[in-house]
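Structure first, then comments.
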Amino acid sequence: MVEVKYMGSYDYIPSVPAAVVSIVLFGISTVLHCWQMLRGRTWFFIAFIFGGIFEVVGYTARVVSSKEYPNYTIPPLAIQAVLVLVAPSLLAASIYMELGRVMIVTGGEHLSPLRRSWLTKIFVVGDVISFFIQAGGAGMLVKASTAEKGGNVIKVGLIIQIIFFGLFIITSIVFHVKLVKNGSRVLQQRQVPWKKHQTALYIGSLLIFVRCIFRYIEYNQGNSGTLLQHEFYSYIFDAALMLLVMVAFNVVHPSEISKLMEERKGGYRMELIG
């Protein structure tokens, strides 16, 4: 094996038990999400499932990497660097789309600070841009000649993600407050348990937001930084937080929102026919 040293490599033996536990827990949550999506026909949540798959494959590559100390090879390092890094972007895409659907089923689209028709597009586009920038930067890490530049590219992608998530959280809060104040004039919201779904959105958004800040600090410190060279931090501020995001949406799954949207559409069709 050829020893490699680039931003994203580490000078310790990765913990196999920690990686295996991550694989198992992410795997269980992902399989459950697949079942929930199929059962509830919640097709917009497919990106969320791919995020879980990325986590599973990423930590599997970490197990492989643990067998190669101290001469790590590029493939397992690159796979975990890219997939674990960009997985939260896939989770975020589904979270963005859920808020627009909550607005529809509550009848509170007009209460959004952004037009509902543009809201999902704006945040998903921002998320896609962040995704490709981070993936591109992670890909550059595998070469010593472009490693430093790759780290800087990743930081740009993370900054974009942090900005959009911050704006998303603000948008969610403004909508929430207005819906509470105007509840008596928004008749549909009385029939929708929207608050628990908003709570899940807040929890997921905040956890991903914190994780992005952690990753930015990590890459800002560089290859010899404390955060990168002690895997405890990555499991606490990345793996654990992303697992909590997945579990939160297992508990409060948006299939209920999808069902309500179908009922609303059916109701609208009946009104038009009648």
Donor-acceptor contact present, side-chain [X] to main-chain [Y], <3.5 Å:
{"X": "S65", "Y": "A61", "result": "no"}
{"X": "H230", "Y": "T226", "result": "yes"}
{"X": "T199", "Y": "K195", "result": "yes"}
{"X": "S66", "Y": "V63", "result": "yes"}
{"X": "S130", "Y": "G126", "result": "no"}
{"X": "Q221", "Y": "L228", "result": "no"}
{"X": "R41", "Y": "M37", "result": "no"}

Can you tell me which residue among F249, F54, Y96 is in a ring-ring contact (aromatic ring centres under 6.0 Å, His included) with F48?
F249
Output field: ring centroids Y235/Y59 closer than 6.0 Å
yes
Can you tell me how far the CD atom of E218 sits from the CZ atom of R211, to the nearest 0.5 Å?
8.5 Å
S15 OG to R62 CZ distance, which is reported to the nearest 0.5 Å:
8.5 Å
Donor-acceptor side-chain pairing of [X] and [Y] below 3.5 angstrom:
{"X": "S89", "Y": "Q161", "result": "yes"}
{"X": "S94", "Y": "E98", "result": "no"}
{"X": "T73", "Y": "E68", "result": "yes"}

Is the NZ or CZ atom of R101 both under 6.0 Å from the centre of the six-membered ring of F44 and within 45° of that ring's axis?
yes
Minimum-distance pair of heavy atoms, taken over all atoms of [X] and [Y]:
{"X": "K67", "Y": "V16", "result": "NZ-CG2, 4.3 Å"}
{"X": "L260", "Y": "P193", "result": "CD1-CD, 4.3 Å"}
{"X": "S255", "Y": "G40", "result": "CB-CA, 3.9 Å"}
{"X": "P254", "Y": "H197", "result": "CA-CE1, 4.2 Å"}
{"X": "I173", "Y": "Y202", "result": "CA-OH, 3.6 Å"}
{"X": "L90", "Y": "A47", "result": "CB-O, 3.3 Å"}

With side-chain contact (heavy atoms from CB on, under 4.5 Å) as the test, would you mind laying out the steps for E109 and R115 before giving the verdict?
CA-CA 7 Å; E109 298 175 70; R115 288 183 60 182; over 6 Å; no
Check the hydrophobic clustering (I, L, V, M, F, W, Y; side-chain heavy atoms under 4.5 Å; chains of links allowed) and say if V252 and W35 are grouped together.
no
Would you sort out whether M103 and F175 count as a side-chain contact (heavy atoms from CB on, under 4.5 Å), showing the intermediate values?
CA-CA 8 Å; M103 291 179 177; F175 166 71; 3.7 Å; yes
Show the numbers, then the answer: is there a side-chain contact (heavy atoms from CB on, under 4.5 Å) between I53 and F26?
CA-CA 8 Å; I53 293 173; F26 275 114; over 6 Å; no
Step by step, work out the side-chain contact (heavy atoms from CB on, under 4.5 Å) result for F45 and H253.
CA-CA 10 Å; F45 232 57; H253 195 268; 4.1 Å; yes
Below 30° counts as parallel, above 60° as perpendicular, anything between as tilted: where do the rings of F123 and F168 land?
perpendicular
